[in-house]
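Heads up: the structure comes next, in C-alpha coordinates.
The figures here come from the full heavy-atom set of this structure, side chains too, leaving out hydrogens, waters and symmetry mates. Whatever order the structure lists them in is the order used to number ligands and atoms, beginning at 1.
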Amino acid sequence: MASDNTDQPLVLGVATASYQIEGAVDEDGRGTSVWDTFTALPGHVRNGDDGSLACDSYHRVDDDVRLVRELGADCYRFSIAWPRVLPEGRGRVEQRGLDYYDRLVDALAAAGVEPAATLYHWDLPQPLEDAGGWPERATAEAFVEYAGVVHARLGDRVRLWATHNEPWCAAYLGYAAGVHAPGRREGGAAHKAAHHLMLGHAWAREALPGRDAGQAVGIVLNLAPIWPEDDASRELADRIDATRNRVWLDPLVDGAYDDRLLAVAPELADTSVVRDGDLASIHGSADWLGINYYTPVRPRLGGDGPPHPEQGAYPGVEGLDLVVREPRTDIGWEVEARGLEELLVDTHRRTGLPLLITENGAAYADERVVDGPHGRMVDDQDRIDYLRDHLVAVDRARAAGADVRGYLVWTLLDNFEWAEGYAKKFGLVHVDRSSPDLTRTPKASYHWLREQWAAPARQAGAAHLLIP
Ligand code: PNW
(Lines give C-alpha, C1' and ligand atoms only; values in the text may rest on other atoms or scores of the structure.)
Protein backbone atom coordinates (compact mmCIF):
# COMPACT_ATOMS: atom_id res chain seq x y z
CA MET A 1 0.00 0.00 0.00
CA ALA A 2 1.39 3.41 -0.93
CA SER A 3 1.88 5.67 2.05
CA ASP A 4 2.80 9.31 2.28
CA ASN A 5 6.44 9.45 3.35
CA THR A 6 6.86 13.20 3.35
CA ASP A 7 6.90 13.42 7.15
CA GLN A 8 9.99 11.18 7.31
CA PRO A 9 13.35 12.96 7.56
CA LEU A 10 15.37 13.27 4.36
CA VAL A 11 19.17 13.02 4.27
CA LEU A 12 20.53 16.05 2.45
CA GLY A 13 24.00 16.50 1.08
CA VAL A 14 26.43 16.69 -1.81
CA ALA A 15 28.43 14.23 -3.89
CA THR A 16 31.84 14.24 -5.58
CA ALA A 17 34.16 11.73 -7.25
CA SER A 18 37.88 11.12 -6.84
CA TYR A 19 39.24 11.72 -10.34
CA GLN A 20 37.01 14.76 -10.82
CA ILE A 21 38.35 16.68 -7.81
CA GLU A 22 41.53 15.22 -6.34
CA GLY A 23 44.35 16.00 -8.75
CA ALA A 24 47.73 14.83 -7.34
CA VAL A 25 47.79 11.94 -9.78
CA ASP A 26 51.48 11.24 -9.25
CA GLU A 27 51.59 11.59 -5.49
CA ASP A 28 52.02 9.13 -2.65
CA GLY A 29 52.49 6.14 -4.89
CA ARG A 30 49.22 6.40 -6.81
CA GLY A 31 49.15 4.07 -9.80
CA THR A 32 47.80 4.95 -13.23
CA SER A 33 44.09 4.73 -13.98
CA VAL A 34 42.30 4.35 -17.29
CA TRP A 35 41.32 8.03 -17.05
CA ASP A 36 44.97 9.11 -16.88
CA THR A 37 45.60 7.14 -20.04
CA PHE A 38 42.43 8.21 -21.81
CA THR A 39 42.86 11.93 -21.13
CA ALA A 40 46.46 11.83 -22.39
CA LEU A 41 45.34 10.86 -25.89
CA PRO A 42 44.31 13.80 -28.08
CA GLY A 43 40.67 14.18 -29.07
CA HIS A 44 39.15 12.38 -26.11
CA VAL A 45 38.41 15.33 -23.84
CA ARG A 46 37.27 18.85 -24.69
CA ASN A 47 40.20 21.30 -24.72
CA GLY A 48 42.60 18.45 -23.96
CA ASP A 49 41.78 18.79 -20.24
CA ASP A 50 42.71 16.13 -17.70
CA GLY A 51 42.40 15.49 -13.95
CA SER A 52 46.03 16.02 -13.04
CA LEU A 53 45.21 19.15 -11.04
CA ALA A 54 41.39 19.08 -10.94
CA CYS A 55 40.32 20.94 -7.77
CA ASP A 56 43.47 19.85 -5.95
CA SER A 57 41.22 18.39 -3.29
CA TYR A 58 43.98 15.94 -2.38
CA HIS A 59 45.65 18.89 -0.66
CA ARG A 60 42.53 20.74 0.40
CA VAL A 61 40.56 18.33 2.56
CA ASP A 62 39.95 20.91 5.25
CA ASP A 63 38.71 23.58 2.81
CA ASP A 64 36.33 21.16 1.14
CA VAL A 65 34.95 19.70 4.35
CA ARG A 66 34.40 23.21 5.69
CA LEU A 67 32.31 23.99 2.61
CA VAL A 68 30.27 20.82 3.17
CA ARG A 69 29.72 21.64 6.83
CA GLU A 70 28.80 25.27 6.25
CA LEU A 71 26.29 24.17 3.63
CA GLY A 72 24.52 22.29 6.40
CA ALA A 73 24.84 18.94 4.64
CA ASP A 74 24.05 15.76 6.58
CA CYS A 75 25.99 13.58 4.22
CA TYR A 76 29.00 13.79 1.91
CA ARG A 77 29.35 11.19 -0.82
CA PHE A 78 32.89 10.77 -2.14
CA SER A 79 34.68 8.07 -4.06
CA ILE A 80 37.94 6.26 -3.50
CA ALA A 81 40.54 6.04 -6.25
CA TRP A 82 41.39 2.36 -6.66
CA PRO A 83 44.94 3.08 -7.98
CA ARG A 84 45.78 5.12 -4.87
CA VAL A 85 45.07 2.07 -2.75
CA LEU A 86 46.27 -0.75 -5.01
CA PRO A 87 48.60 0.84 -7.58
CA GLU A 88 48.72 -2.36 -9.65
CA GLY A 89 45.02 -3.06 -9.20
CA ARG A 90 45.64 -5.99 -6.85
CA GLY A 91 48.38 -7.16 -4.56
CA ARG A 92 50.53 -4.42 -3.08
CA VAL A 93 48.66 -1.95 -0.85
CA GLU A 94 49.73 1.72 -0.75
CA GLN A 95 49.07 2.98 2.78
CA ARG A 96 49.68 6.61 1.85
CA GLY A 97 46.71 6.50 -0.50
CA LEU A 98 44.51 5.10 2.25
CA ASP A 99 45.82 7.78 4.61
CA TYR A 100 44.19 10.46 2.47
CA TYR A 101 40.72 8.91 2.79
CA ASP A 102 41.38 8.33 6.46
CA ARG A 103 41.98 12.07 6.94
CA LEU A 104 38.87 12.87 4.93
CA VAL A 105 36.65 10.56 6.97
CA ASP A 106 38.03 11.97 10.23
CA ALA A 107 37.46 15.53 9.05
CA LEU A 108 33.86 14.67 8.14
CA ALA A 109 33.31 13.10 11.55
CA ALA A 110 34.65 16.22 13.25
CA ALA A 111 32.26 18.29 11.13
CA GLY A 112 29.30 16.07 12.02
CA VAL A 113 28.82 14.96 8.42
CA GLU A 114 27.98 11.35 7.57
CA PRO A 115 30.38 9.89 4.99
CA ALA A 116 29.05 7.82 2.10
CA ALA A 117 31.85 6.06 0.25
CA THR A 118 31.68 4.92 -3.36
CA LEU A 119 34.31 2.29 -4.12
CA TYR A 120 34.31 2.60 -7.89
CA HIS A 121 33.66 5.88 -9.67
CA TRP A 122 35.48 4.81 -12.82
CA ASP A 123 39.17 4.95 -11.89
CA LEU A 124 40.08 1.45 -13.00
CA PRO A 125 43.80 0.74 -12.48
CA GLN A 126 45.46 0.66 -15.90
CA PRO A 127 47.12 -2.75 -15.32
CA LEU A 128 43.65 -4.30 -14.96
CA GLU A 129 42.53 -2.68 -18.21
CA ASP A 130 45.70 -3.97 -19.86
CA ALA A 131 44.60 -7.43 -18.80
CA GLY A 132 41.22 -6.88 -20.50
CA GLY A 133 39.29 -4.63 -18.11
CA TRP A 134 35.67 -5.14 -17.09
CA PRO A 135 34.87 -7.48 -20.00
CA GLU A 136 37.10 -9.94 -18.09
CA ARG A 137 35.76 -11.79 -15.08
CA ALA A 138 39.09 -11.40 -13.28
CA THR A 139 38.40 -7.66 -12.89
CA ALA A 140 35.39 -8.47 -10.71
CA GLU A 141 37.64 -10.67 -8.57
CA ALA A 142 40.20 -7.88 -8.24
CA PHE A 143 37.41 -5.49 -7.22
CA VAL A 144 36.52 -7.73 -4.28
CA GLU A 145 40.13 -7.64 -3.10
CA TYR A 146 40.21 -3.84 -3.39
CA ALA A 147 36.88 -3.43 -1.58
CA GLY A 148 38.15 -5.55 1.30
CA VAL A 149 41.32 -3.46 1.67
CA VAL A 150 39.40 -0.18 1.75
CA HIS A 151 36.80 -1.53 4.12
CA ALA A 152 39.46 -2.82 6.52
CA ARG A 153 40.76 0.76 6.84
CA LEU A 154 37.57 2.84 6.79
CA GLY A 155 34.87 0.39 7.87
CA ASP A 156 35.06 1.42 11.51
CA ARG A 157 33.78 4.90 10.56
CA VAL A 158 32.00 4.59 7.21
CA ARG A 159 28.59 2.97 7.43
CA LEU A 160 27.14 3.84 4.03
CA TRP A 161 28.86 2.09 1.16
CA ALA A 162 28.20 2.06 -2.55
CA THR A 163 30.10 -0.39 -4.71
CA HIS A 164 29.81 1.11 -8.20
CA ASN A 165 28.80 4.48 -9.55
CA GLU A 166 26.77 4.28 -12.76
CA PRO A 167 27.93 0.96 -14.13
CA TRP A 168 26.01 1.91 -17.30
CA CYS A 169 28.58 4.63 -18.00
CA ALA A 170 31.50 2.36 -17.12
CA ALA A 171 30.24 -0.42 -19.39
CA TYR A 172 28.47 1.33 -22.26
CA LEU A 173 30.22 4.70 -22.50
CA GLY A 174 33.58 3.07 -21.79
CA TYR A 175 33.44 -0.12 -23.87
CA ALA A 176 30.70 0.47 -26.48
CA ALA A 177 30.46 4.21 -27.30
CA GLY A 178 34.12 4.78 -26.44
CA VAL A 179 33.47 8.32 -25.18
CA HIS A 180 34.66 7.48 -21.66
CA ALA A 181 37.79 5.60 -20.62
CA PRO A 182 39.06 3.18 -21.76
CA GLY A 183 37.57 4.36 -25.06
CA ARG A 184 36.83 0.97 -26.62
CA ARG A 185 34.07 0.48 -29.19
CA GLU A 186 33.02 -3.12 -28.77
CA GLY A 187 29.34 -3.62 -28.09
CA GLY A 188 29.71 -7.23 -27.00
CA ALA A 189 32.47 -6.33 -24.57
CA ALA A 190 30.17 -3.74 -22.98
CA HIS A 191 27.49 -6.35 -22.20
CA LYS A 192 30.10 -8.58 -20.58
CA ALA A 193 31.40 -5.59 -18.64
CA ALA A 194 27.87 -4.96 -17.38
CA HIS A 195 27.62 -8.49 -16.01
CA HIS A 196 31.05 -8.39 -14.39
CA LEU A 197 30.33 -5.02 -12.78
CA MET A 198 27.20 -6.48 -11.18
CA LEU A 199 29.05 -9.61 -10.18
CA GLY A 200 31.86 -7.58 -8.59
CA HIS A 201 29.24 -5.53 -6.77
CA ALA A 202 27.50 -8.59 -5.35
CA TRP A 203 30.69 -10.42 -4.40
CA ALA A 204 32.15 -7.33 -2.73
CA ARG A 205 29.02 -6.77 -0.66
CA GLU A 206 29.07 -10.41 0.40
CA ALA A 207 32.71 -10.10 1.41
CA LEU A 208 32.44 -6.93 3.50
CA PRO A 209 32.30 -7.77 7.18
CA GLY A 210 29.95 -5.85 9.41
CA ARG A 211 27.12 -5.60 6.94
CA ASP A 212 24.74 -6.90 9.56
CA ALA A 213 26.15 -4.63 12.22
CA GLY A 214 25.22 -1.13 11.27
CA GLN A 215 26.44 -0.95 7.69
CA ALA A 216 24.56 -0.78 4.43
CA VAL A 217 25.97 -1.62 1.02
CA GLY A 218 24.23 -0.43 -2.13
CA ILE A 219 24.92 0.39 -5.75
CA VAL A 220 24.42 3.67 -7.62
CA LEU A 221 22.61 3.44 -10.96
CA ASN A 222 21.83 6.12 -13.52
CA LEU A 223 18.45 4.70 -14.31
CA ALA A 224 16.37 6.77 -16.67
CA PRO A 225 12.74 7.19 -17.55
CA ILE A 226 12.46 6.15 -21.20
CA TRP A 227 9.78 8.13 -23.02
CA PRO A 228 9.22 7.11 -26.65
CA GLU A 229 8.47 10.12 -28.84
CA ASP A 230 5.59 8.35 -30.62
CA ASP A 231 3.85 4.99 -30.89
CA ALA A 232 6.19 3.84 -33.64
CA SER A 233 9.11 4.20 -31.21
CA ARG A 234 7.74 2.00 -28.41
CA GLU A 235 9.59 -1.14 -29.44
CA LEU A 236 12.78 0.89 -29.76
CA ALA A 237 12.22 2.36 -26.28
CA ASP A 238 11.94 -1.14 -24.88
CA ARG A 239 15.35 -2.01 -26.31
CA ILE A 240 16.88 1.16 -24.83
CA ASP A 241 15.34 0.27 -21.49
CA ALA A 242 17.07 -3.13 -21.69
CA THR A 243 20.62 -1.91 -21.12
CA ARG A 244 19.88 1.42 -19.48
CA ASN A 245 17.68 -0.01 -16.71
CA ARG A 246 16.88 -3.71 -16.85
CA VAL A 247 20.37 -5.17 -17.19
CA TRP A 248 21.00 -3.85 -13.65
CA LEU A 249 17.59 -4.19 -12.02
CA ASP A 250 16.50 -7.56 -13.38
CA PRO A 251 19.34 -9.62 -11.88
CA LEU A 252 19.13 -7.58 -8.69
CA VAL A 253 15.37 -7.97 -8.24
CA ASP A 254 14.54 -11.18 -10.15
CA GLY A 255 17.90 -12.95 -10.32
CA ALA A 256 17.49 -13.29 -14.11
CA TYR A 257 18.12 -11.78 -17.53
CA ASP A 258 14.93 -12.21 -19.53
CA ASP A 259 14.53 -12.97 -23.25
CA ARG A 260 13.85 -9.35 -24.22
CA LEU A 261 17.15 -8.37 -22.65
CA LEU A 262 19.03 -11.29 -24.16
CA ALA A 263 17.75 -10.27 -27.59
CA VAL A 264 19.69 -7.00 -27.21
CA ALA A 265 22.63 -8.50 -25.28
CA PRO A 266 23.19 -12.03 -26.64
CA GLU A 267 26.55 -12.23 -24.82
CA LEU A 268 24.55 -12.65 -21.61
CA ALA A 269 23.08 -15.91 -22.91
CA ASP A 270 26.60 -17.36 -23.08
CA THR A 271 27.08 -19.69 -20.12
CA SER A 272 30.82 -19.10 -20.13
CA VAL A 273 30.06 -15.42 -19.33
CA VAL A 274 27.02 -15.78 -17.08
CA ARG A 275 28.02 -18.85 -15.11
CA ASP A 276 26.07 -21.07 -12.77
CA GLY A 277 25.40 -19.22 -9.56
CA ASP A 278 26.17 -15.73 -10.89
CA LEU A 279 22.57 -14.59 -11.02
CA ALA A 280 21.86 -16.09 -7.62
CA SER A 281 24.76 -14.05 -6.25
CA ILE A 282 23.44 -10.81 -7.73
CA HIS A 283 19.83 -11.52 -6.71
CA GLY A 284 18.93 -9.34 -3.70
CA SER A 285 22.46 -7.97 -3.37
CA ALA A 286 21.67 -4.43 -2.24
CA ASP A 287 20.67 -2.92 1.10
CA TRP A 288 19.81 0.34 -0.61
CA LEU A 289 19.76 1.74 -4.12
CA GLY A 290 21.37 4.98 -5.28
CA ILE A 291 19.74 6.82 -8.15
CA ASN A 292 21.50 9.47 -10.21
CA TYR A 293 19.04 11.50 -12.24
CA TYR A 294 19.63 14.31 -14.69
CA THR A 295 17.29 13.99 -17.66
CA PRO A 296 14.78 11.70 -19.37
CA VAL A 297 15.63 9.65 -22.48
CA ARG A 298 13.32 10.19 -25.48
CA PRO A 299 14.00 7.63 -28.22
CA ARG A 300 12.57 8.06 -31.70
CA LEU A 301 12.88 5.67 -34.59
CA GLY A 302 15.52 7.22 -36.81
CA GLY A 303 15.38 7.69 -40.56
CA ASP A 304 18.04 6.62 -43.00
CA GLY A 305 20.38 9.42 -41.97
CA PRO A 306 23.71 8.92 -40.23
CA PRO A 307 23.51 7.10 -36.89
CA HIS A 308 22.86 9.26 -33.85
CA PRO A 309 26.12 10.01 -31.97
CA GLU A 310 24.77 8.32 -28.85
CA GLN A 311 23.66 5.21 -30.71
CA GLY A 312 27.02 3.67 -29.91
CA ALA A 313 26.05 3.62 -26.24
CA TYR A 314 23.19 1.24 -27.06
CA PRO A 315 24.77 -1.71 -28.83
CA GLY A 316 22.25 -4.06 -30.39
CA VAL A 317 19.87 -1.16 -31.07
CA GLU A 318 19.65 0.13 -34.64
CA GLY A 319 17.91 3.18 -36.07
CA LEU A 320 18.01 5.25 -32.90
CA ASP A 321 17.41 8.94 -32.72
CA LEU A 322 17.35 10.68 -29.34
CA VAL A 323 15.18 13.75 -28.98
CA VAL A 324 16.24 16.44 -26.53
CA ARG A 325 13.49 18.93 -25.79
CA GLU A 326 13.83 22.43 -24.37
CA PRO A 327 14.77 23.81 -21.93
CA ARG A 328 18.29 22.45 -21.72
CA THR A 329 21.23 22.97 -19.41
CA ASP A 330 24.63 24.04 -20.63
CA ILE A 331 25.65 20.41 -21.23
CA GLY A 332 22.64 19.99 -23.53
CA TRP A 333 20.49 17.86 -21.24
CA GLU A 334 16.73 18.50 -21.11
CA VAL A 335 15.40 19.86 -17.82
CA GLU A 336 12.39 17.76 -16.80
CA ALA A 337 11.73 17.23 -13.10
CA ARG A 338 8.74 14.95 -13.79
CA GLY A 339 11.27 12.38 -14.93
CA LEU A 340 12.67 12.18 -11.41
CA GLU A 341 9.23 11.81 -9.83
CA GLU A 342 8.27 9.00 -12.21
CA LEU A 343 11.62 7.26 -11.83
CA LEU A 344 11.41 7.26 -8.03
CA VAL A 345 7.86 5.93 -7.96
CA ASP A 346 8.61 3.25 -10.57
CA THR A 347 11.89 2.17 -8.97
CA HIS A 348 10.22 1.95 -5.58
CA ARG A 349 7.55 -0.33 -7.04
CA ARG A 350 10.10 -2.40 -8.91
CA THR A 351 12.66 -2.86 -6.13
CA GLY A 352 11.06 -2.07 -2.77
CA LEU A 353 14.51 -0.85 -1.71
CA PRO A 354 15.26 2.28 0.29
CA LEU A 355 16.24 4.86 -2.33
CA LEU A 356 18.87 7.55 -2.04
CA ILE A 357 19.19 10.13 -4.79
CA THR A 358 22.95 10.02 -4.99
CA GLU A 359 23.23 12.69 -7.70
CA ASN A 360 21.03 15.38 -9.17
CA GLY A 361 22.13 18.74 -10.47
CA ALA A 362 22.73 20.90 -13.49
CA ALA A 363 25.53 22.33 -15.59
CA TYR A 364 25.24 26.03 -16.29
CA ALA A 365 27.68 28.54 -17.61
CA ASP A 366 28.08 30.45 -14.37
CA GLU A 367 30.12 33.38 -15.43
CA ARG A 368 28.40 36.29 -13.78
CA VAL A 369 30.08 37.16 -10.49
CA VAL A 370 27.97 39.66 -8.57
CA ASP A 371 27.93 41.37 -5.20
CA GLY A 372 25.22 39.62 -3.25
CA PRO A 373 23.99 39.53 0.33
CA HIS A 374 26.81 37.08 1.11
CA GLY A 375 29.53 39.11 -0.59
CA ARG A 376 31.01 38.20 -3.95
CA MET A 377 29.27 35.24 -5.47
CA VAL A 378 28.21 33.69 -8.74
CA ASP A 379 24.63 34.34 -9.77
CA ASP A 380 23.25 30.95 -10.81
CA GLN A 381 19.49 31.43 -10.53
CA ASP A 382 19.01 28.78 -13.25
CA ARG A 383 20.62 26.16 -10.97
CA ILE A 384 18.44 27.27 -8.05
CA ASP A 385 15.36 26.81 -10.24
CA TYR A 386 16.57 23.36 -11.32
CA LEU A 387 17.22 22.21 -7.76
CA ARG A 388 13.95 23.63 -6.45
CA ASP A 389 11.91 21.89 -9.15
CA HIS A 390 13.65 18.58 -8.51
CA LEU A 391 13.25 18.82 -4.74
CA VAL A 392 9.53 19.37 -5.32
CA ALA A 393 9.54 16.25 -7.53
CA VAL A 394 11.15 14.29 -4.69
CA ASP A 395 8.40 15.43 -2.35
CA ARG A 396 5.74 14.39 -4.80
CA ALA A 397 7.30 10.95 -5.23
CA ARG A 398 7.44 10.53 -1.45
CA ALA A 399 3.83 11.63 -1.12
CA ALA A 400 3.00 8.88 -3.63
CA GLY A 401 4.72 6.34 -1.40
CA ALA A 402 8.24 6.14 -2.82
CA ASP A 403 10.67 5.24 -0.04
CA VAL A 404 13.19 8.02 -0.72
CA ARG A 405 15.59 8.51 2.18
CA GLY A 406 17.85 11.21 0.86
CA TYR A 407 18.90 13.68 -1.79
CA LEU A 408 22.49 14.56 -2.69
CA VAL A 409 23.35 17.36 -5.09
CA TRP A 410 25.86 16.83 -7.86
CA THR A 411 28.20 18.49 -7.05
CA LEU A 412 30.12 20.48 -4.45
CA LEU A 413 32.74 22.04 -6.75
CA ASP A 414 33.11 22.94 -10.41
CA ASN A 415 35.31 20.02 -11.44
CA PHE A 416 36.64 17.76 -14.20
CA GLU A 417 33.47 16.80 -16.06
CA TRP A 418 34.84 13.73 -17.91
CA ALA A 419 34.73 14.10 -21.71
CA GLU A 420 33.65 17.73 -21.26
CA GLY A 421 36.73 18.67 -19.25
CA TYR A 422 36.38 21.83 -17.14
CA ALA A 423 34.03 23.53 -19.59
CA LYS A 424 30.80 22.21 -18.06
CA LYS A 425 30.23 23.31 -14.51
CA PHE A 426 27.94 21.46 -12.09
CA GLY A 427 29.30 22.97 -8.86
CA LEU A 428 27.52 24.74 -6.04
CA VAL A 429 30.91 26.33 -5.54
CA HIS A 430 32.89 28.10 -8.26
CA VAL A 431 36.57 27.17 -8.56
CA ASP A 432 38.87 29.78 -10.04
CA ARG A 433 41.23 27.65 -12.10
CA SER A 434 43.49 30.61 -12.85
CA SER A 435 44.22 31.38 -9.21
CA PRO A 436 47.18 29.63 -7.55
CA ASP A 437 45.10 28.44 -4.61
CA LEU A 438 42.12 27.41 -6.79
CA THR A 439 39.91 29.87 -4.94
CA ARG A 440 36.51 28.46 -4.06
CA THR A 441 33.56 30.89 -4.17
CA PRO A 442 30.11 29.65 -3.16
CA LYS A 443 27.45 30.40 -5.76
CA ALA A 444 23.97 31.73 -5.05
CA SER A 445 22.69 28.14 -5.23
CA TYR A 446 24.96 27.18 -2.32
CA HIS A 447 23.56 30.00 -0.19
CA TRP A 448 20.01 29.16 -1.25
CA LEU A 449 20.40 25.48 -0.30
CA ARG A 450 21.98 26.42 3.01
CA GLU A 451 18.93 28.50 3.85
CA GLN A 452 16.56 25.75 2.71
CA TRP A 453 18.40 23.07 4.63
CA ALA A 454 18.66 25.08 7.80
CA ALA A 455 14.91 25.54 7.94
CA PRO A 456 13.53 22.08 8.79
CA ALA A 457 14.70 20.54 12.04
CA ARG A 458 16.49 17.47 10.77
CA GLN A 459 17.83 14.72 12.96
CA ALA A 460 21.57 14.67 13.40
CA GLY A 461 23.37 11.73 11.86
CA ALA A 462 22.09 10.51 8.56
CA ALA A 463 23.14 6.90 8.45
CA HIS A 464 20.28 5.56 10.55
CA LEU A 465 17.98 6.33 7.64
CA LEU A 466 19.70 3.79 5.43
CA ILE A 467 21.04 1.28 7.92
CA PRO A 468 18.73 -1.71 8.24
C1 PNW B 1 27.49 11.23 -13.93
N2 PNW B 1 26.27 10.67 -20.29
O3 PNW B 1 28.15 11.06 -15.14
C4 PNW B 1 28.59 10.94 -12.94
O5 PNW B 1 28.28 10.07 -11.89
C6 PNW B 1 29.32 12.15 -12.48
O7 PNW B 1 30.64 11.80 -12.23
C8 PNW B 1 29.17 13.25 -13.51
O9 PNW B 1 29.97 14.37 -13.26
C10 PNW B 1 27.70 13.62 -13.57
O11 PNW B 1 26.91 12.48 -13.88
C12 PNW B 1 27.37 14.71 -14.57
O13 PNW B 1 27.68 14.29 -15.87
C14 PNW B 1 27.60 10.98 -16.38
O15 PNW B 1 26.98 11.13 -21.20
C16 PNW B 1 28.40 11.39 -17.43
O17 PNW B 1 25.17 10.12 -20.52
C18 PNW B 1 27.95 11.28 -18.72
C19 PNW B 1 26.70 10.76 -18.96
C20 PNW B 1 25.89 10.33 -17.93
C21 PNW B 1 26.35 10.45 -16.62
Heavy-atom contact under 4.0 Å between [X] and ligand 1?
X    : value
A17  : no
I331 : no
Y19  : no

**Prompt:** Does a side chain donor of either Y293 or H390 reach within less than 3.5 Å of an acceptor in the other side chain?
**Reply:** no
**Prompt:** Side chains of H121 and S18: do they bring a donor and an acceptor to under 3.5 Å?
**Reply:**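 H121 vs S18: no donor-acceptor pair found between side chains.
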List the closest protein heavy-atom neighbour of [atom]: residue, atom name, distance to the nearest 0.1 Å.
atom                    : result
atom 7 (O) of ligand 1  : Q20 OE1, 2.6 Å
atom 4 (C) of ligand 1  : E359 OE1, 3.4 Å
atom 9 (O) of ligand 1  : E417 OE1, 2.6 Å
atom 10 (C) of ligand 1 : Y294 OH, 3.3 Å
atom 17 (O) of ligand 1 : W168 CZ3, 3.9 Å
atom 20 (C) of ligand 1 : C169 SG, 3.7 Å
atom 14 (C) of ligand 1 : E166 OE1, 3.5 Å

**Request:** Give the minimum heavy-atom separation between Y294 and G361, together with the two atoms involved.
**Result:**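 It is CD2-O, 3.3 Å.
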**Prompt:** At their closest point, which heavy atom of L221 faces which heavy atom of L249, and how far apart are they?
**Reply:** CD1-CD2, 3.9 Å
Report, in ascending order of atom number, the atoms of ligand 1 lying under 4.0 Å from any heavy atom of [X].
X    : answer
W418 : 6 (C), 7 (O), 8 (C), 9 (O)
W122 : 3 (O), 4 (C), 14 (C)
L173 : 2 (N), 15 (O), 19 (C)

Is any N or O atom of [X], backbone or side chain, closer than 3.5 Å to an N or O atom of ligand 1?
X    : result
H180 : no
W333 : no
H121 : yes

**Request:** Would you please indicate yes or no on a ring centroid separation below 6.0 angstrom for W134 and Y120?
**Result:**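 They qualify: ring centres under 6.0 Å apart.
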**Asked** Taking the six-membered ring for Trp, are Y19 and F38 ring centroids under 6.0 Å apart?
**Response**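 Judged by ring-centre distance (under 6.0 Å), Y19 and F38 do not meet the cut-off.
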**Prompt:** Taking non-hydrogen atoms only, is A313 closer than 4.0 angstrom to ligand 1 via side chain, backbone, both or neither?
**Reply:** neither
**Under-4.0 Å heavy-atom contact with ligand 1, by part of N165 that carries it** = side chain
**Asked** Between Y172 and W248, what is the ring plane arrangement, given parallel below 30°, perpendicular above 60°, and tilted in between?
**Response**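 Judged by the thresholds at 30° and 60°, the geometry between Y172 and W248 is perpendicular.
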**Prompt:** Within 45° of the six-membered ring axis of Y58 and under 6.0 Å from that ring's centre, is NZ or CZ of R84 located there?
**Reply:**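 Checked: cation-pi criterion met.
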**Message:** Would R433 and Y422 count as a cation-pi pair here, with the cationic atom under 6.0 angstrom from the ring centre and within 45° of the axis?
**Reply:** yes
**Message:** Check this for me: R338, atom CZ, are more than 12 non-hydrogen atoms of other residues, nucleotides or ligands nearer than 6.0 Å?
**Reply:**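 No.
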**Request:** Could you go through the ring pair (Phe, Tyr, Trp, His ring centres under 6.0 Å) check for H180 and Y175 one step at a time?
**Result:** CA-CA 8 Å; H180 279 188; Y175 292 95; over 10 Å; no
